[in-house]
Amino acid sequence: MEGSQCLPILQHKATLTKLVKDNVFLVVTGETGSGKTTQLPQYLYEAGLWKGGIIGITQPRRVAAITVAQRVSQEMHFTLGKEVGYQVRFDDCTSQATVVKYMTDGCLLREILADPGLSQYSVVILDEAHERSLNTDILLGLLKKTLLQADKGSKDGSVRLRVVVMSATLETDKLSTFLGHCPVFTIPGRTFPVTSRFGNAIGPKEVDSSRYVNEVVRVALEVHVSEVAGDILVFLTGQSEIEKACDMLYEKAESIDYRYDVQDQTVEGLLILPLYGSMPTDQQRQIFQAPPSGIRKCVVATNIAATSLTINGIKYIVDSGFVKQLNHNSRVGMDILEVVPISKSEAQQRAGRAGRTSAGKCFRIYSNEFWEKCMLDYTVPEIQRASLTSVVLTLKCLGVHDVIRFPYLDHPEERLLLEALKQLYQFDAIDRRGQVTQLGRLIMEFPLHPGLTRALLKAAAYGCEDILLPLAAMLSVENIFIRPGTAKQKEADKKQRNMAAQSGGMNDFATLLSVFQWCKASDSPSAWCKENWIHWRALKSAFSIETQLREILLRLQQVKDFPVETFAGNKSELFRRCLCTGYFTNVARRSIGKIFSTMDGHGTAVHVHPSSSLFDQEAELDWVIFHDMMVTSRVYLRTVCPIRYDWVKDLLPKLHEVDAYELSNIAREEVNEEELAKLESKEAKRQKDTAKKLEKRNDETSVGDARARYLQRKLERQHKL
DNA sequence: GAGCACTGC
């Protein structure tokens with residue numbers, strides 16, 4: 001490990017310290033390896049800034065916050081958790097003595113909710129701002145808003161809180177302009193040159209996955225037989241592609257005569273290693289081991305290798321040019337995971353992975369034309385492509401009433417904000433004036449999706465929170481069911497079907513709950529998971545989340561007046577009724593055959609996913625609720641359970657009443673009372689009409705869903721062909 | 001009849 005004595009930042013110590021002291025906002029840029037993350041906080045500590053409050057540094061990722069804090073505490077000869085500490089979810093390693101604090105951006109956002117002025121801090125450093133994480137973007141806007149206001153108000157000219165934004169050298173002018181034309185300081189980087197070359201396999205017209213998988217395999221092997229020693233990193237988009245590419249590499253590498261010389265260096269063989277997020281952690285660790293001498297390592301990875309994990313010894317990059325990206329489509333109210341071309345800045349980031357220890361080479365399989373025509377300069381920031389429901393509630397809770405005119409570094413489409421407002425209104429988290437309700441404040445306390453929190457709170461009122469707490473935890477972690485490629489797939493599927501049947505069947509929510517309970521009750525939870533094809537890592541985090549949710553609920557029950565309700569029916573019904581209060585936005589009704597139609601106003605034609613315990617049982621179903629929709633070959637509902645129309649009857653009109661008045665008005669500062677009254681009376685009428693219509697629809701035996709019929713005809717035609 | 005990248009509270 002290199003000492004901090006030779007870092008390029010060192011010679012700028014005095015200038016940097018002075019700049020921070022003299023300015024409310026400062027932008028610091030520098031490539032990886034400049035030492036800004038570890039050194040700047042130390043300089044500010046030495047300059048005595050900690051006397052005015054904590055020096056806080058945010059990171060977009062947990063591991064980064066923890067490892068950097070460890071390193072800095074060592075460099076400063078402090079015990080971790082004393083003067084230097086870190087805080088991430090489930091792990092608070094700070095104390096009264098902590099003055100240099102590394103944390104995730106999400107943690108700081110939570111702190112702002114409790115203390116909007118961040119009175120404990122003297123400096124806040126937002127690191128990795130170029131990554132444009134949702135939380136960092138919100139923090140940027142909030143700090144700009146509060147500090148510029150405070151600045152105007154303070155008469156003595158003294159500055160209490162300073163903000164430093166650290167970013168890679170991209171878009172620094174934009175940041176500076178955003179922060180009132182604040183100074184920008186650039187630290188020279190210390191990376192090695194990487195030469196990039198384009199290929200010709202992917203042009204503007206090709207987007208076929210088998211094409212780029214074949215091509216990266218071909219190029220990786222070409223690198224292997226023609227380039228000097230050094231490891232290869234291949235970027236693809238997901239698990240199945242990676243497994244396919246690895247299989248092809250094994251096969252083809254075997255047919256190569258291993259002993260050949262490349263410019264007088266003997267490279268004997270190729271060690272092929274897959275790398276993706278859902279891989280077990282111990283398997284991931286293998287990636288970091290140096291290969292045996294004379295063997296070249298080839299890591300085939302997802303974007304996880306672009307920022308989250310750094311592999312030493314990489315000299316060659318093979319870039320497919322694609323990434324899987326989760327985009328929220330506000331037109332249909334759906335999240336869609338799609339393969340898209342990476343941006344130019346992302347391509348440079350990938351290439352940079354080859355220049356960390358020596359000069360490197362990057363082989364892009366796409367053409368120059370593809371680069372010019374298909375790739376954006378920068379990746380669209382998360383705030384412009386994510387669902388903003390939680391973000392808007394956060395802002396409202398912080399007193400930002402006008403979320404449309406909030407200072408965003410990049411403004412999200414108004415439609416996205418309106419959709420979020422609409423959802424919050426549907427959940428009764430905000431009222432028709434756009435003010436946060438009491439329920440809204442409760443919802444904010446939980447690190448969960450608002451609908452899920454609403455269901456949990458309902459359950460707490462009925463005294464059955466013991467069912468909803470584990471379920472909420474299970475629904476907030478990644479997919480827990482393992483589905484191996486080919487060989488053992490049937491065995492895994494069978495286990496999972498058995499588990500669904502044992503938990504009562506016909507209810508995917510109940511299956512999740514059972515898995516949680518069975519695993520918790522077993523003597524060896526990790527062994528139980530292995531036996532039942534369950535991701536132990538995911539279940540472990542569900543356990544932690546459940547504990548955290550339980551603590552929050554208990555705390556709130558002690559201070560707030562919780563409503564208490566009673567219910568006479570059976571337990572399964574109560575469970576599903578509670579779910580309905582949070583999932584009434586996710587209701588679908590079977591229209592014809594196996595086709596369902598969503599009740600959210602879009603009327604999307606959807607199918608039950610084959611992994612569901614309700615699959616092939618559609619004939620018995622009428623109304624269902626679901627946790628999420630997924631778009632692949634069809635639009636699928638996943639995690640589904642049957643409900644009765646009665647349970648959602650009173651809730652459904654709420655889905656339509658938002659059309660009754662201009663939502664954009666409730667987002668803005670001024671509310672015209674007269675207008676509002678007019679709209680409200682109109683709305684009451686519409687609400688009645690909608691309720692009637694729904695009632696009528698429910699009575700009809702054959703549903704006149706034109707869209708579903710059209711799809712059915714289309715499918716029939718396809719089958720004939 | 002199955003196609004989930006990566007983060008975070």
When the distance from [atom1] of [X] to [atom2] of [N] is rounded to whole Å, what number comes out?
X        : N     : atom1 : atom2 : answer
A/Ile545 : B/dG8 : CD1   : P     : 12 Å
A/Ile383 : B/dG8 : CD1   : C1'   : 14 Å
A/Arg89  : B/dG8 : CZ    : C1'   : 8 Å
A/Leu395 : B/dC9 : CG    : P     : 18 Å
A/Leu126 : B/dG8 : CG    : C1'   : 15 Å

Check: A/Tyr276/A/Glu241 side-chain N/O donor and acceptor closer than 3.5 Å: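 Note: A/Tyr276 and A/Glu241 side chains miss the donor-acceptor criterion.
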
Interface residues of residues 102-121 of chain A with DNA chain B (non-hydrogen, below 4.0 angstrom):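 The answer is A/Thr104, A/Gly106, A/Cys107, A/Arg110.
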
How would you list, by chain and number, every residue that makes a salt bridge (Lys or Arg N to Asp or Glu O under 4.0 Å) with [X], sequence neighbours excluded?
X        : answer
A/Glu131 : A/Arg61
A/Arg353 : none
A/Lys101 : A/Glu111
A/Asp628 : A/Arg638

Heavy-atom protein contacts under 4.0 Å, nucleotides 2-7 of chain B, coded B base, S sugar-phosphate only, - none: BSBBSS

In plain terms, say whether A/Arg555 and A/Glu445 are close enough for a salt bridge, that is, a side-chain N and a carboxylate O under 4.0 Å apart.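 Between A/Glu445 and A/Arg555 there is a salt bridge, with a charged N closer than 4.0 Å to a carboxylate O.
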
Rounded at 0.5 Å granularity, tell me how far OG1 in A/Thr37 sits from CD in A/Glu128.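 CD of A/Glu128 is found 5.5 Å from OG1 of A/Thr37.
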
What I'd like to find out is whether the side chain of A/Thr310 reaches to under 4.5 Å of the side chain of A/Arg356, using heavy atoms alone.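 Of all side-chain heavy-atom pairs linking A/Arg356 with A/Thr310, at least one is under 4.5 Å.
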
